[in-house]
Amino acid sequence: MLATAPDSILMGRHVLHVPDLSATEIDVVIRVAAHLKITRTSDQQTLLRGKTLGMLFEKPSLRTRVSFEVGMTQLGGHALFASGGEFMVGSRETPEDAARVLSRYVDAILVRTHAHEPLQRFSAAATVPVINGLSAVAHPCQALADLLTIKERFDTLAGLKLAYVGDARNNVAASVAEAAMLVGISVNFGCPPTHRPSEAFLAQLQSLGAATGATARAFSSAHRAVRDADVVYTDVWTSMGEEHLAERNAATLLPYRVTGELMSAAAKHAIFMHCLPAHRDEEVAPDVIDGPQSAVFDQAENRLHAQKALLVALLTDLRGMPV
Ligand code: CP
């Protein structure tokens, strides 16, 4: 049912990492995303008419850049892309000055950057919503798209089990786990000690899951982590900016490659997820990522729908949306 005067619970907020959103707010974004996914884009053209999203990218991107730009176009708005040295958050001028200036031109700002701290300073000074399009510690937009994908496959979120195998310290692992815990999905990490989440982070996850009963545990055995999982998730072994560690990571993480044999330890109905880009025959075997259990291209598509929902939630009062 479409509400006529919904609460504008997210309007004007920043989203730098998943815990900036409550479980209820995540549910709203997922429901709006599902609604936008089945609505004709010709009916969406007034939702963000006249609005501009500034996109500042200091790292390469295919999915994040294109899905946000297309999303703004479909919603009747405009996206302005700047990369490399055009806007270096925190080097050419202070993050605060850049944020104050940009807030006078655009209606929201998407930042893909390296360190998280300049992004926090940037958002503290911005007077329009700031969205993290990936930083060293978080990738909240990916996590929202992933929840939409899991919900589509299982028709529910609470009570499911997700196994994250490989580099369990990276930004995607952190955001996916935080989002999972908030909505009631238990998380098992399968990783070597070198790539294990810190005890402090595991404790934070436990507190995010306190309301739902979801649990977060780390195992050194990939098979143990994956046992009975509904979702098996992995990501590249070496994150952007850490290329000097690639050789070491390849050796250490080899036992954590997602193969058909590892998938057979998960639930029969389990899906395979990866945020992409992927390296076949490194973190995942080709027959898994290209096989029937793979949900990776639904994930990639859902970046578009989840981010459109997030933009509508941050920039409107959600009138007419299913909240
Ligand atoms: N998953 C993801 O963020 O993809 P891009 O790096 O291509 O944006």
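Just so you know, these numbers use all the heavy atoms, side chains as well, and skip hydrogens, waters and symmetry mates. Read the numbers this way: they start at 1 and go in the same order the structure lists the ligands and their atoms.
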field: For the student: nearest non-hydrogen atoms of A115 and T113, plus distance
entry: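 Closest pair (atom of A115, atom of T113, distance): O-CG2, 3.6 Å.
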Test: [X] and [Y] ion pair at under 4.0 Å:
X    : Y    : answer
D167 : R169 : no
K151 : D155 : no
R153 : D230 : no
R196 : E199 : yes

Can you list the atoms of ligand 1 that are under 4.0 Å from a heavy atom of [X]?
X    : result
L62  : 5 (P), 7 (O), 8 (O)
L276 : 1 (N), 2 (C), 4 (O)
R303 : 1 (N), 2 (C), 3 (O)
H139 : 2 (C), 3 (O)

field: NZ or CZ of R65 within 45° of F81 ring axis and under 6.0 Å
entry: yes
Check each heavy atom of [X] against ligand 1 and say whether those closer than 4.0 Å belong to the side chain, the backbone, both or neither.
X    : value
Q142 : side chain
V172 : neither
R65  : neither

field: Whether H17 and H116 hold their rings parallel, tilted or perpendicular, with breakpoints at 30° and 60°
entry: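 Rings of H17 and H116: tilted, 30 to 60°.
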field: Taking atom 6 (O) of ligand 1 as the reference point, the nearest protein heavy atom with its distance
entry: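 Closest protein heavy atom to atom 6 (O) of ligand 1: R112 NH1, 2.9 Å.
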query: Looking only at protein heavy atoms, which one is nearest to atom 4 (O) of ligand 1, and how far off is it?
result: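 Result: R63 NE, 2.8 Å.
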- request: State whether the shortest distance between N or O atoms of C275 and N or O atoms of ligand 1 falls below 3.5 angstrom.
  value: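 Such a contact does occur with ligand 1.
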